[in-house]
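Notes follow once the structure below has been shown.
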Protein chains: 2
Amino acid sequence: MENTDRPTAGAGAAKKNGSGTGQKATRDAAATRARILNAASKEFAKKGLKGTRIDAIAKRARCNKALIYHYFGNKEALFSTVLERNYEAIRSAERQLDLAHREPVAAMRELIGFSFDYVSAHPEFISLINDENMHGGVHVAHSVKARDLNSPLVAMIETILERGQGEGKFRSGVDPVQLYISIASICYFFIANRSTLSAIFGLPKTSEVLAQRREHVIEVILGYLRPEADGQDLPSMPKA
Amino acid sequence: MENTDRPTAGAGAAKKNGSGTGQKATRDAAATRARILNAASKEFAKKGLKGTRIDAIAKRARCNKALIYHYFGNKEALFSTVLERNYEAIRSAERQLDLAHREPVAAMRELIGFSFDYVSAHPEFISLINDENMHGGVHVAHSVKARDLNSPLVAMIETILERGQGEGKFRSGVDPVQLYISIASICYFFIANRSTLSAIFGLPKTSEVLAQRREHVIEVILGYLRPEADGQDLPSMPKA
DNA sequence: TAATTATCTAACCGTTTGGTTAGTTAGGGG
DNA sequence: CCCCTAACTAACCAAACGGTTAGATAATTA
């Protein structure tokens with residue numbers, strides 16, 4: 001089932017160190033820590049902070065329960081660490097995006113597509129965020145690391161918007177933070193609520209449905225960003 | 001603190017029935033059931049299914065724990081009932097919307113504003129949905145009542161879109177279900193993630209921030225719905 | 001290779017928790 | 001007025017759970 005991580009070498013009676021791919025034979029604190037974090041990430045995402053059993057994490061990480069306490073102190077601290085790690089992962093992925101040399105509309109399209117694809121590929125991240133929000137965001141608030149991890153996407157959006165506006169490709173008066181939140185929203189919701197959406201709307205969880213949704217999301221944001229046509233009355237808030 | 005519901009009359013030694021506002025003095029199954037459901041709704045929303053303690057619900061409802069089991073069977077069944085009730089509530093509120101006689105753009109604006117306001121006023125509903133999705137939507141899936149409660153907003157959106165397209169106020173080729181999901185998304189996200197958003201972006205939870213967000217949300221959707229200007233190259237997916 | 005340190009574990013513990021039991025009290029119908 | 005049903009409760013229980021302890025085993029160092 002989930003035999004991604006190996007606990008000890010185990011293949012036969014190999015007692016000595018590394019046979020090939022850097023697998024440690026018997027004891028490896030770093031690898032064990034990593035196994036625990038991976039296991040915890042999955043369990044917390046699936047069951048939530050309260051629903052997760054430390055024993056389940058230990059079993060999945062194939063280590064002793066006490067080892068978890070040894071490395072991470074307690075359940076909440078482990079949860080915080082898992083959250084931090086997940087934030088770091090998405091921020092790092094975001095930073096890989098190189099949009100500076102792309103034409104503004106294409107750049108924006110890629111940014112939105114990236115956001116959609118990331119959450120599609122990492123639904124556990126969304127579950128963690130949801131759970132964290134249910135608990136009032138205390139772990140994020142207390143984690144300097146996570147709090148300082150402001151998304152680089154906001155700055156990218158700002159740059160793309162400016163360039164696009166200069167070229168007459170985008171409308172004016174768009175707040176980058178608001179737009180960032182909107183992009184995150186439409187990407188996030190579909191993944192976060194896949195279960196209830198599929199139950200209520202009968203939407204199957206196929207890749208085709210996902211692709212359609214992805215296209216729609218891009219269309220909505222780019223459609224919004226279209227410049228005001230001269231003389232066209234924008235159906236937004238009348239100024240008076 | 002939370003003295004909204006009264007358990008028994010309690011004012012002095014009044015032993016007989018209803019003094020005024022329909023409050024039952026001593027025993028009232030319907031009122032007790034309602035108190036339990038209200039208490040459960042709040043507790044589940046704040047702590048989640050796993051995080052909620054039946055004792056906490058009993059305390060908040062000011063009744064004995066066994067009574068909860070007597071009326072609702074077990075924790076999960078109670079959670080399902082709470083979920084159903086919350087779905088019924090939002091669907092009922094949605095049905096109150098009368099947009100048939102409004103001008104399309106105004107109608108759409110009101111529909112979006114309503115959605116935003118509803119989730120702003122009922123963050124517990126969102127917490128429940130989040131928790132339900134973490135558990136794979138099993139309760140909604142098993143509840144015929146909730147599953148059949150498809151949102152009336154989809155049909156309303158469809159009608160408004162058609163009228164608006166006929167009048168040249170809206171673009172063509174918009175899928176009502178996709179649009180419904182997008183509207184729900186941008187309304188939902190900001191409320192669901194208020195804690196982490198405020199932690200990371202330093203957004204205070206003031207009504208001013210909320211109002212700005214509301215305005216932006218409406219602007220995005222209406223901006224997207226603007227008709228294609230003649231000859232204007234839509235920055236959406238090139239057909240070839 | 002002996003001493004030391006770090007990794008890791010089996011077994012245990014006190015508390016919390018969902019759920020039950022056995023019964024008490026109010027109220028309505030005959 | 002009495003009895004029967006339904007509302008309600010105090011006390012209890014076994015299982016589950018987060019966390020601890022005491023120690024065993026592997027790696028490292030002197």
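Throughout, a chain's letter reflects where its sequence line sits, starting with A, and its residues are numbered from 1. No experiment lies behind these values; they were computed from the predicted model shown.
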Whole angstroms only, please: what is the [atom1]-[atom2] distance between [X] and [N]?
X: A/K50; N: C/dG18; atom1: NZ; atom2: P; result: 11 Å
X: B/I68; N: C/dG18; atom1: CD1; atom2: C1'; result: 11 Å
X: A/F72; N: D/dG19; atom1: CZ; atom2: P; result: 14 Å
X: B/D28; N: C/dG28; atom1: CG; atom2: P; result: 11 Å
X: B/K75; N: C/dT16; atom1: NZ; atom2: P; result: 16 Å
X: B/K47; N: C/dT16; atom1: NZ; atom2: P; result: 14 Å
X: B/R62; N: D/dT9; atom1: CZ; atom2: P; result: 12 Å
X: A/I57; N: D/dC17; atom1: CD1; atom2: P; result: 12 Å

- Item | Pair listing, ring pair (Phe, Tyr, Trp, His ring centres under 6.0 Å) test, anchored in residues 129-157 of chain B, at least two apart |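 Every ring pair (Phe, Tyr, Trp, His ring centres under 6.0 Å) pair that includes a residue of residues 129-157 of chain B, provided the two are not neighbours, is B/F79-B/H139.
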- Between A/T81 (side chain) and A/A77 (backbone), is there a donor-acceptor pair under 3.5 Å?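 Checked: pair present.
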- Query: Quick one: does A/Q96's side chain have a donor or acceptor within less than 3.5 Å of a partner on A/S92's backbone?
  - Reply: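 Judged by distance alone, yes, a pair lies under 3.5 Å.
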Pairs of donor and acceptor atoms involving the side chains of residues 150-157 of chain A, under 3.5 Å and at least two apart or interchain, shall be tabulated with distances.
{"from": "A/S151", "atom 1": "OG", "to": "A/E94", "atom 2": "OE1", "distance (Å)": "2.9"}
{"from": "A/S151", "atom 1": "OG", "to": "A/L153", "atom 2": "N", "distance (Å)": "3.0"}

Collect all protein-nucleotide pairs involving nucleotides 1-6 of chain D in which both atoms are nitrogen or oxygen and the distance is under 3.5 Å.
none

- In terms of side-chain heavy atoms of B/L67, which of D/dC8, C/dG18, D/dC17 is nearest?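 That would be D/dC8.
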- Residue pairs involving residues 180-196 of chain A (criterion salt bridge (charged side-chain N to carboxylate O under 4.0 Å, His left out); sequence neighbours excluded):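 Of all non-adjacent pairs touching residues 180-196 of chain A, none passes salt bridge (charged side-chain N to carboxylate O under 4.0 Å, His left out).
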- Where at least one partner belongs to residues 183-193 of chain B, residue pairs that pass salt bridge (charged side-chain N to carboxylate O under 4.0 Å, His left out), sequence neighbours excluded: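 Output for this query is empty, none listed.
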- Item | Residue pairs involving residues 195-206 of chain A (criterion side chain to side chain donor-acceptor pair (under 3.5 Å); sequence neighbours excluded) |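 Passing the test, one end in residues 195-206 of chain A: A/T196-B/N133.
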N/O donor-acceptor pairs under 3.5 Å from side chains in residues 119-128 of chain A, not counting sequence neighbours:
{"from": "A/S120", "atom 1": "OG", "to": "A/F116", "atom 2": "O", "distance (Å)": "2.7"}
{"from": "A/S127", "atom 1": "OG", "to": "A/P123", "atom 2": "O", "distance (Å)": "3.4"}

- Query: Closest nucleotide of DNA chain D for B/A30 versus for A/Y69: which of these residues is on the 5' side?
  - Reply: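 Between the two, 5'-proximity favours B/A30.
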- Item | All salt bridge (Lys or Arg N to Asp or Glu O under 4.0 Å) counterparts of A/R53, not counting sequence neighbours |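 Counting only residues at least two positions away or on another chain, A/R53 forms no salt bridge (Lys or Arg N to Asp or Glu O under 4.0 Å).
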- Give one of base, sugar-phosphate or nothing for A/I54, where a contact means two heavy atoms less than 4.0 Å apart.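 Sugar-phosphate, backbone atoms only, no base.
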Just the table, please: protein N/O against nucleotides 10-12 of chain D N/O, every pair under 3.5 Å.
{"from": "D/dA10", "atom 1": "N7", "to": "B/N64", "atom 2": "ND2", "distance (Å)": "3.1"}

- Item | Distance test, side-chain N/O of A/T32 to OP1/OP2 of C/dT7, below 4.0 Å |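 No, because none of the side-chain N or O atoms of A/T32 sits under 4.0 Å from OP1 or OP2 of C/dT7.
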